[in-house]
Amino acid sequence: MPARAGSERLPGKNMRRLGEKPLVGHSITYALENGFKDVIITSNDTAILDFANQNGIKVINRPDALSGHQEPVITALQHAVDQLQKKYDAVILLQPTNPLRPKGLLKEAIAIFEWGDCDSLMTVSRNKHKLGTISDGRFIPYNYKMGQRSQDLEPLYYENGLLYIFKTEILNQGKLLGKNNYPLLIDHPFAEIDIDTEADFLKAEFFYNNYRDTP
């Protein structure tokens with residue numbers, strides 16, 4: 001679980017409380033409730049590291065050089081895995097900014113990853129919007145024709161960020177997704193939650209209060 005300090009759009013977001021616990025606490029709880037003992041936080045934020053320690057979670061001190069807002073998450077993951085004494089065949093990435101996940105999602109994803117012919121897995125959701133580009137002040141439809149019904153749109157999908165699983169060898173190659181990447185389709189309200197702004201957080205609070213008992 002990568003949880004750096006210094007969010008520009010929503011300062012301190014990873015320790016901001018959603019319900020009875022901070023954002024990072026929801027991903028920790030989710031992993032523990034699914035039976036994981038090797039749960040690891042990588043962060044340069046002392047408040048996050050202290051919270052993890054207080055809850056018996058292993059911490060990796062993330063160097064400031066790997067904590068800038070333009071730094072890709074993969075470098076933090078590579079650093080964290082390199083610091084571990086135990087070697088693992090695969091890594092599960094749970095991002096604190098996606099604090100809400102369907103209860104059975106992780107077990108389903110692991111079963112697919114273990115028994116399927118894949119070296120990585122990601123969660124995706126169906127796009128239901130009419131998308132287009134703007135060129136020279138004109139809107140140009142991309143995935144539909146003007147007048148086309150929404151239910152007849154070409155099936156397109158987006159990366160919702162709920163979870164990722166990938167073989168460690170893929171990470172060592174500087175990638176999170178391999179050639180045999182399995183897209184696990186999620187049709188659940190929680191797939192809409194990815195917190196970067198105040199509006200995102202308010203939406204997460206609404207979903208937390210109204211959908212958290214949804215399977």
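Computed over heavy atoms, backbone and side chain alike; hydrogens, waters and symmetry mates excluded.
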Check whether any side-chain heavy atom of [X] lies under 4.5 Å from a side-chain heavy atom of [Y], and answer yes or no.
| X | Y | answer |
| --- | --- | --- |
| M146 | F139 | yes |
| L94 | I92 | yes |
| L171 | L176 | yes |
| I186 | V124 | no |

Determine, stepwise, if the pair S67 / D64 fulfils side-chain hydrogen bond (donor to acceptor under 3.5 Å, both in side chains). CA-CA 5 Å; S67 302; D64 287 337; 4.6 Å; no

Quiz question: by atom type and distance under 3.5 Å, do the side chains of [X] and [Y] form a donor-acceptor pair?
| X | Y | result |
| --- | --- | --- |
| T29 | E33 | no |
| Y88 | D38 | yes |
| S27 | R101 | yes |
| Y164 | E159 | yes |

N/O donor-acceptor pair under 3.5 Å between [X] side chain and [Y] backbone:
| X | Y | value |
| --- | --- | --- |
| Y30 | L106 | yes |
| D200 | T197 | yes |
| S125 | Y158 | no |
| S43 | L49 | no |
| N98 | I193 | yes |
| N209 | E205 | yes |
| H26 | L18 | yes |
| D194 | G161 | no |
| Q83 | I60 | no |

Neighbour count >12 (heavy atoms, 6.0 Å) for atom [atom1], [X]:
| X | atom1 | answer |
| --- | --- | --- |
| Q85 | CD | no |
| Y157 | OH | yes |
| D152 | CG | yes |
| D187 | CG | no |

To the closest 0.5 Å, what do you measure between [atom1] ([X]) and [atom2] ([Y])?
| X | Y | atom1 | atom2 | value |
| --- | --- | --- | --- | --- |
| L66 | R62 | CG | CZ | 7.0 Å |
| Q173 | D119 | CD | CG | 8.5 Å |
| F201 | R17 | CZ | CZ | 10.0 Å |
| L153 | N143 | CG | CG | 5.5 Å |
| L100 | F190 | CG | CZ | 5.0 Å |
| L177 | I170 | CG | CD1 | 9.0 Å |

For the pair D196 and K13, find out whether any cationic side-chain nitrogen is under 4.0 Å from an anionic carboxylate oxygen.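 Looking at K13 together with D196, the answer is yes, because their closest N to O distance falls below 4.0 Å.
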
Lys/Arg-Asp/Glu bridge criterion (N-O < 4.0 Å) met for E169, K175: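 Salt bridge: no.
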
Non-hydrogen atoms of [X] and [Y] that approach each other most closely:
| X | Y | answer |
| --- | --- | --- |
| N181 | S120 | OD1-OG, 2.8 Å |
| P96 | P2 | CD-O, 3.2 Å |
| N160 | A191 | CB-O, 3.6 Å |

Applying a strict under-4.5 Å side-chain criterion to I, L, V, M, F, W and Y, I'd like to know whether [X] and [Y] cluster together.
| X | Y | value |
| --- | --- | --- |
| L105 | I110 | yes |
| V81 | V73 | yes |
| I41 | M15 | yes |
| L185 | L121 | no |
| I28 | L93 | no |

Please report the C-alpha distance between L77 and F166 in whole Å, then the side-chain angles of each, then the deciding distance to 0.1 Å, and finally whether the side chain to side chain contact (heavy atoms under 4.5 Å, CB included) criterion is met. CA-CA 11 Å; L77 297 177; F166 42 87; 3.9 Å; yes

So which of I57, T42, I40, V39 actually passes side-chain contact (heavy atoms from CB on, under 4.5 Å) with M1?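 Option passing the side-chain contact (heavy atoms from CB on, under 4.5 Å) with M1: V39.
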
Using side chain to side chain contact (heavy atoms under 4.5 Å, CB included), reason through M122 and L184 one step at a time and then give a plain yes or no. CA-CA 6 Å; M122 64 187 289; L184 178 55; over 6 Å; no

Passes side chain to side chain contact (heavy atoms under 4.5 Å, CB included), V91 versus I165? Steps please. CA-CA 6 Å; V91 177; I165 307 178; over 6 Å; no

Would you check, one step at a time, whether the test side chain to side chain contact (heavy atoms under 4.5 Å, CB included) holds for E154 with Y144? CA-CA 7 Å; E154 175 189 359; Y144 73 105; over 6 Å; no

Parallel, tilted or perpendicular: which one describes the rings of F207 and Y211, with boundaries at 30° and 60°?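 It falls in the perpendicular class, over 60°.
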
Below 3.5 Å, can you tabulate the donor-acceptor pairs from side chains in residues 127-138 to any protein atom, sequence neighbours excluded?
from : atom 1 : to   : atom 2 : distance (Å)
N127 : OD1    : H129 : N      : 3.3
N127 : ND2    : H129 : O      : 3.0
K130 : NZ     : Q148 : O      : 2.7

